[in-house]
Number of protein chains: 2
Amino acid sequence: MAQSDTVDRILDAAEELFAERGFSETSLRMITSKAKVNLAAVNYHFGSKNALIHAVFARFLTPFSAILEQAFDDLEARCGDQPASLNQTLWALTESAVCMPQRTEKGISIFMRLLGLAYTQSQGHLRMFLEQEYGHTFSRFMRMLKEATPQLSAVDRYWRIQFMLGATAFTMSSSDALQDILQNKIGVETSVQEIAARLVPFLAAGMQAEDAMLTPPPGSKVSVA
Amino acid sequence: MAQSDTVDRILDAAEELFAERGFSETSLRMITSKAKVNLAAVNYHFGSKNALIHAVFARFLTPFSAILEQAFDDLEARCGDQPASLNQTLWALTESAVCMPQRTEKGISIFMRLLGLAYTQSQGHLRMFLEQEYGHTFSRFMRMLKEATPQLSAVDRYWRIQFMLGATAFTMSSSDALQDILQNKIGVETSVQEIAARLVPFLAAGMQAEDAMLTPPPGSKVSVA
DNA sequence: TTGCGCTTCAAACGTATGTTTCAAACAGAC
DNA sequence: GTCTGTTTGAAACATACGTTTGAAGCGCAA
């Protein structure tokens, strides 16, 4: 019991509620009542709601970035002085996410959804926090992507990375929402491993698309520089 | 002057603020002070904040869906009884978005960002509204995608469409956010036409990725069903 | 001018939020 | 058992929100 139990219960409840409702739409009262702790406990243990948000991210991002750095180390060791391929790099990322020890069975989809929210909801304090804490790992990933796609121009690569991030963050972040809209409710599997196994080839193919396809069809009103 | 001026000023201000801050984070007081109208004007002219959100979407989505339906009509007429290709379908969508008459020069990126928010922020009332008003056009687009990718299984297609939506909505919606994080601040062009010209080939390539790539690299801890 | 819709305005309403307060309960060392 | 520092508890705080109110202002037909 004692301190850490309250802290963890708050973090668990906050993580889940943030993931399913967003940050602003989740009140401290929802969190504390779900966690069965007193309202004042959040401000006592974390200081503020924003600090709680940071703590929620830090709890899974810190071990994740450690695992990811290790995976990159391994990959680069295996590759010797050759740069890692795009497929290898993406899989290293994916496996690090999937294989991370999870608290619950839906831990990883909460994880992805929170990451998506971090980008989507324009919380300045969160972006600053994430960039400061985990910017190094992120930059390393970007550097590896660059070495894995030497054929792309800097501008092409920049945009295609945005597309990749978008497809990933968005897919993982719209847990139930999209499944409502695409009424094609075929029996959709929800395992994150399976989604990742479908997503990675999609991303790799997009990333390596031929520039030739850049040309719009004849008669198009869209001009390319 | 008179009525419609106030209504339009509210819509303009709301559109811009919603796009840059999200729905819950934008208060009626921000909107009315930006629009230089009285606070009560929103409830007088629209009835509620939710109804204002609907009106903002209806103002650009109604003409857009009309243009899009027309573009699909044209495309299907050109194709005769053949189904339209994936490239043609995606370009029809893109051109409809790009060529829509814009109120301001950043109109289309606001447009895209709002669409992204509509999916991302879990506003039940908005999803219901959009599905009810524009579900028909959306279903038609989905049908054309299906006919353009007969080689894909239903499940594969379902997920790849999610990836496409994600890459699109996310890219367009993270106007400044991502450009902060990817510090690679190469001189990035902002023209939506140019982004679209890069996005469509990315999407088409991802959509048509080989299933063979579905297999993770040897030694992977990720298993595929 | 008078009267009548429609629109604007300042002010208030009730509610919900994040945060603070301070006393009570608790745990462990002496 | 008593003291001390830490944690919990119920209540209140100030503020911000969406919404409502009722009077004032307006354009325009009679």
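Naming convention: chains lettered A, B, ... in sequence-line order (proteins, then strands); numbering from 1 in each chain.
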inquiry  = For a quick check of understanding: with a heavy-atom distance under 4.0 Å over all strands, which category does Thr26(A) fall into, base, sugar-phosphate or nothing?
reply    = sugar-phosphate
request  = With heavy atoms under 4.0 Å as the rule, sort Ala41(A) into base, sugar-phosphate or nothing.
outcome  = nothing
Whole-Å distance between [N] [atom2] and [X] [atom1]?
{"X": "Leu39(A)", "N": "dT19(C)", "atom1": "CG", "atom2": "P", "result": "10 Å"}
{"X": "His45(A)", "N": "dT7(D)", "atom1": "NE2", "atom2": "P", "result": "6 Å"}
{"X": "Arg21(A)", "N": "dT17(C)", "atom1": "CZ", "atom2": "P", "result": "9 Å"}
{"X": "Lys49(A)", "N": "dA16(D)", "atom1": "NZ", "atom2": "C1'", "result": "13 Å"}
{"X": "Phe23(A)", "N": "dT17(C)", "atom1": "CZ", "atom2": "P", "result": "17 Å"}
{"X": "Leu28(A)", "N": "dT20(C)", "atom1": "CG", "atom2": "P", "result": "11 Å"}
{"X": "Tyr44(B)", "N": "dA10(C)", "atom1": "OH", "atom2": "P", "result": "17 Å"}
{"X": "Asn43(B)", "N": "dA10(C)", "atom1": "CG", "atom2": "P", "result": "16 Å"}

Kindly point out which of [options] is positioned nearest to the side chain of [X]?
{"X": "Ala40(A)", "options": "dA12(C), dA10(D), dT20(D)", "value": "dA10(D)"}
{"X": "Asn38(B)", "options": "dT8(C), dA12(D), dC17(D)", "value": "dT8(C)"}
{"X": "Ser48(B)", "options": "dT21(C), dG18(C), dT19(D)", "value": "dT19(D)"}

task = Could you check whether the rings of Phe202(A) and Phe202(B) sit parallel, tilted or perpendicular, using 30° and 60° as the cut-offs?
result = perpendicular
task = Measure the acute angle between the ring planes of His54(B) and Phe129(B), then classify it against the limits of 30° and 60° as parallel, tilted or perpendicular.
result =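 Parallel: the ring planes of His54(B) and Phe129(B) meet at under 30°.
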ask   = Is the shortest side-chain N/O distance from Ser27(A) to OP1 or OP2 of dT17(C) below 4.0 Å?
value =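 For dT17(C), OP1 or OP2 has a side-chain N or O of Ser27(A) closer than 4.0 Å.
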Ring-ring centroid check Phe64(A) Phe111(A), cutoff 6.0 Å = yes
message = Under a 4.0 Å threshold between the charged nitrogen and the carboxylate oxygen, would Asp156(A) count as salt-bridged to Arg160(A)?
response = no
ask   = So, do Phe141(A) and Thr137(A) sit near enough that their side-chain heavy atoms are less than 4.5 Å apart?
value = no
